[in-house]
Amino acid sequence: MNILNTMRRRTKSIFLMSLMLLSLSSIWPIFSWASDSNKDDPVDTSETVSSEILDGMTFIGELGPKGKPADVKDTFVFEDGNFVSKECEARCKFPARPYFIRHVGNTIEFISETRCPYKDAKIIWRGSVDGKKIKGVYHWRSERWYWTIEKEFWFEGVLVENTTSDIGSQ
């Protein structure tokens, strides 16, 4: 009986430590993203809270596992302060989620995190928009109580030109 109680306490301690580490790891990417700029760089790297600058942009492109060729065609959409990969939305119902940006010279860098509503999986997107091109990486993580899978992918695409006449009215 004593061994059983000891095992229960250890399991509970491991579980609580795991929860604490997971909660810290979910916010850590935001801090590391914000601190990776070179302080001696004369380029304006001020962060922007408002994300609407990319709203209305849609990019057609592709993605694939890091270090390998593209294996999926995708559409990346910025709308109403949210970012979504249409392929991820179709495969696992990953919803459009808020994105955050910062300016680095003429490039706009963004970050967004989305979670699958019916699996314990999340994707953290980090990318940049430079003119009419988008590129970046995303980290996919799926957690279960007995294992965790993490994979890194790359993505890139080109801006779909808006052919409607409402561009001049903005």
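Here the NZ-CZ distance, from K135 to R126, works out to 16.0 Å after rounding to the nearest 0.5 Å. Rounding to the nearest 0.5 Å places SG of C116 at 9.5 Å from NZ of K93. Note that CZ of R141 is 9.5 Å distant from CZ of R115, once rounded to the nearest 0.5 Å. In this structure, CZ in R97 is found 12.5 Å from NZ in K122, a value given to the nearest 0.5 Å. Considering CD1 of I101 and CD1 of I108, their distance stands at 5.5 Å, rounded to 0.5 Å.
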Passes side-chain contact (heavy atoms from CB on, under 4.5 Å), I53 versus H103? Steps please.
CA-CA 11 Å; I53 194 164; H103 293 274; 3.6 Å; yes
Decide yes or no on side-chain contact (heavy atoms from CB on, under 4.5 Å) for T107 and V129, but give the supporting numbers first.
CA-CA 6 Å; T107 302; V129 175; over 6 Å; no
List the steps, then state whether side-chain contact (heavy atoms from CB on, under 4.5 Å) holds for I134 with E156.
CA-CA 5 Å; I134 188 172; E156 61 183 35; 5.7 Å; no
As a quick check of understanding, evaluate ring-ring contact (aromatic ring centres under 6.0 Å, His included) for Y99 and F78, giving each step before the final call.
CA-CA 8 Å; Y99 64 94; F78 294 92; 4.9 Å; yes
side-chain contact (heavy atoms from CB on, under 4.5 Å) between I149 and W140: does it pass, once the steps are laid out?
CA-CA 8 Å; I149 296 177; W140 174 83; 3.5 Å; yes
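The heavy-atom pair separating P117 from C92 by the smallest distance is CD-O, 3.7 Å. The two residues D130 and N106 make their nearest non-hydrogen contact at OD1-O, 4.1 Å. Residues P98 and S112 share a closest heavy-atom pair of O-OG, 3.0 Å.
Within 6.0 Å of CH2 in W145 there are 12 or fewer heavy atoms belonging to other residues, nucleotides or ligands.
Sorted by first then second residue, the side-chain hydrogen bond (donor to acceptor under 3.5 Å, both in side chains) pairs that include residues 65-74, not counting sequence neighbours, are K66-E152, D74-S85. Judged as a ring pair (Phe, Tyr, Trp, His ring centres under 6.0 Å), the pairs with a partner in residues 111-136 (not counting sequence neighbours) are, in order, F83-W125, W125-Y138, W125-F155. Residue pairs meeting the ring pair (Phe, Tyr, Trp, His ring centres under 6.0 Å) criterion with at least one member in residues 55-74, sequence neighbours excluded, do not occur.
With sequence neighbours left out, K132 forms a side-chain hydrogen bond (donor to acceptor under 3.5 Å, both in side chains) with E161. Not a single disulfide bond (SG atoms under 2.5 Å apart) links C88 to another residue, sequence neighbours left out. Every residue two or more places apart in sequence or in another chain was checked for a side-chain hydrogen bond (donor to acceptor under 3.5 Å, both in side chains) with S128, and none qualifies.
Tracing side-chain contacts under 4.5 Å through hydrophobic residues (I, L, V, M, F, W, Y), one never reaches V84 starting from M57; they form parts of separate clusters. Using a 4.5 Å cut-off between side-chain heavy atoms of Ile, Leu, Val, Met, Phe, Trp and Tyr, with links allowed through other members, F153 and F76 fall into the same hydrophobic cluster. A continuous path of Ile, Leu, Val, Met, Phe, Trp and Tyr side chains, each step under 4.5 Å between heavy atoms, connects L63 with L159, placing both in one hydrophobic cluster.
Residues E113 and I123 have side chains not in contact (no heavy-atom distance under 4.5 Å, counting atoms from C-beta outward).
Electrostatic pairing of R91 and E87 counts as a salt bridge here, judged by a charged N lying under 4.0 Å from a carboxylate O.
Judged purely by atom type and a 3.5 angstrom limit, D55 uses its side chain to pair as donor or acceptor with the backbone of G81. In this structure, T114 contributes its side chain and F94 its backbone to no donor-acceptor pair below 3.5 Å.
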